[in-house]
Amino acid sequence: MRIASAEVVVTSPGRNFVTLRLTTDEGLVGLGDGTLNGRELAVVAYLRDHVAPLLVGRDAHRIEDTWQLLHRGAYWRRGPVTMTAIAAVDVALWDLKAKAAGMPLYQLLGGASRSGLLAYGHASGRDTEELFDSIRHHLDEGFRAIRVQTSIPGVGSVYGVSSVRAAGERADHYEPAVRAGLSIEEGWDTRAYLRHVPTVFEAVRSEFGAELPLLHDGHHRMTPIQAARLGRDLEPYDLFWLEDCTPIEDQEALRLVRQHTVTPLAVGEVLSSVWDYQTLLRERLVDYVRSSVTHTGGITGLRRLLDLAALHGARSGMHGATDISPVGMAAALHLGLAIHNFGIQEYMPHPEVTGKVFGTSFTFADGLLHPGDEVGLGVDLDVAAAERFPYEPAYLPVARLADGTVHDW
């Protein structure tokens, strides 16, 4: 089964997506997600100019060999652009192999380890009333675990919360990538945040009880001692996890956080390889691994990481916001269904317009996701429809402190 063509499809049905489409000499089509939020065209160039010429004529069954070729053969290893491009190829090859075998991908990965994947939704609000409405809406939709994000008094726009809404739009709809020529700037005040967030979780627990799993994303904005304080202050509210509490480049910083709190920690959506986790896992500094199939070298790359995590008692918590395309989400679900150390799956449903380009077989019911039982990934790409949604430049925000200093957003 030889690769006959490698096509990179860029489309924007609701947001920008990059999809690698591999076609074999037998007519099978495999899809891989190459979306890198805010830097999509860097991956497009990497795939089109450097990777695609290496693929045509290769045996599509040789997944491991191709992964090593693209990783070791580039010499300049790792990094988000390289690993996202490798992921696109890897997932497309797994899709092809499963289609050739006539079975859903998770069967090739060892079969199902569970009946479905617990998913958490994103609840948010500009005030307590709006936040409660958002949580109730998610519970009505079937979610059994909720991430809680809230506005901060005295601070304008905040990560995870929409400051403005279109007519008829859900209060908790949130897309941070702004379709404009330049990044927008948001203000930030960590002390105000640290004072406010524990009061929010106290209110949520009082309203919704002790059983509902609650999560929160710090989005890299705290120093180690600030993160330690927040983790300690949130202990009475029994969080499922506190995510990305400090900038992850300084992994040893989590030693200090661990010394001061037993709140579970999740990190890694911006990390791109198993090598990035050596200190974190060896020293048991994290409880959940947040890397995605799309940004961590595909199923082959992420499974290596999750196997290492399993040896150190850590579980998966794969990134699953709308900057992961339906192709990448399907790949995450197949992998999550198969591995033993699954923890939880982030799930932000894509807007309806995305379905005009991507057809999917995965389902969400009673709080659980399932990839479906169609052969391969279970995702189709309508190329003609994709052409009707051209790429639009979009940038993630930048945060600044009150004195104008650029801060982690």
Is any side-chain heavy atom of His216 less than 4.5 Å from a side-chain heavy atom of Gln149? yes
Heavy-atom pair with the smallest gap, counting every atom of Leu306 and Asn341: O-ND2, 3.0 Å
Compare every heavy atom of Ala112 with every heavy atom of Tyr106, then report the nearest pair and how far apart it is. CD1-N, 3.7 Å
Any donor-acceptor pair under 3.5 Å linking the side chain of Ser134 with the backbone of Glu130? no
Applying side-chain hydrogen bond (donor to acceptor under 3.5 Å, both in side chains), run through Arg282 and Gln278 and close with a yes or a no. CA-CA 6 Å; Arg282 183 176 61 251; Gln278 293 182 82; 4.8 Å; no
May I ask you to check whether over 12 heavy atoms, not counting those of His50, lie within 6.0 Å of atom NE2? yes
So, does Asp90 use its side chain to make a donor-acceptor pair with the main chain of Ile299 at under 3.5 Å? yes
For the side chain of Arg15 and the backbone of Pro351, is there at least one donor-acceptor N/O pair under 3.5 Å apart? no
Would the distance check show the side chain of Arg315 and the main-chain N or O of Ile344 forming a donor-acceptor pair, the cut-off being under 3.5 Å? no
Classify the angle between the aromatic ring planes of His219 and Trp409 as parallel (below 30°), tilted (30 to 60°) or perpendicular (above 60°). perpendicular
Neighbour count >12 (heavy atoms, 6.0 Å) for atom CZ, Arg114: yes
Where do Thr300 and Glu64 land on the side-chain hydrogen bond (donor to acceptor under 3.5 Å, both in side chains) test, with the steps shown first? CA-CA 7 Å; Thr300 300; Glu64 177 67 25; 4.9 Å; no
When you check the gap from the basic side-chain N to the acidic O, do Asp287 and Arg258 get nearer than 4.0 Å? yes
Atom CZ of Arg62 with >12 non-hydrogen neighbours under 6.0 angstrom: no
Heavy-atom closest pair, residues Leu281 and Ala314: CD2-CB, 3.9 Å
Reference residue Phe143; test ring-ring contact (aromatic ring centres under 6.0 Å, His included); the match among His138, His122, His137: His138
Has Gln226 got a side-chain atom pairing as donor or acceptor with Thr223's backbone, closer than 3.5 angstrom? yes
Whether Asp323 side chain and Leu36 backbone form a donor-acceptor pair below 3.5 Å: no
Centre-to-centre under 6.0 Å for Phe240 and Tyr120, is that the case here? no
Quick check: does any side chain N or O of His260 sit under 3.5 Å from a backbone N or O of Leu230, one acting as donor and the other as acceptor? no
Taking NZ, NE, NH1 and NH2 as the nitrogens, is one of them in Asp307 or Arg304 under 4.0 Å from a carboxylate oxygen of the other? no
Side chain proximity check, Val8 to Val18, heavy atoms < 4.5 angstrom: yes
Under 6.0 Å between ring centres: does that hold for Tyr277 and His312? no
Side chains of Pro326 and Leu381: does their closest heavy-atom pair fall under 4.5 Å? no
Where does the angle between the aromatic ring planes of Trp188 and His407 fall among parallel (under 30°), tilted (30 to 60°) and perpendicular (over 60°)? parallel
Work out which heavy atom in Val43 is nearest to a heavy atom in Gly34; give both atom names and the distance. CG1-O, 3.3 Å
Okay, side chain of Thr23, backbone of Ser5: is any donor-acceptor separation there less than 3.5 Å? no
Between Glu207 and Arg136, does any NZ, NE, NH1 or NH2 come within less than 4.0 Å of an OD or OE carboxylate oxygen? yes
For a quick test of reading the model, state the closest non-hydrogen atom pair linking Val56 to Ala6 and the distance between them. CG2-N, 4.4 Å
Check whether any side-chain heavy atom of Tyr395 lies under 4.5 Å from a side-chain heavy atom of Ile184, and answer yes or no. no
Counting heavy atoms not belonging to Glu211, are there more than 12 under 6.0 Å from its CD? no
When you measure from the side chain of Gln251 to the backbone N and O of Asp276, does any donor-acceptor pair fall under 3.5 Å? yes
So, the side chain of Arg255 versus the backbone of Glu283: is there a donor-acceptor pair under 3.5 Å, distance only? no
Closest non-hydrogen atom pair, Val9 against Ala386: CG1-CB, 3.9 Å
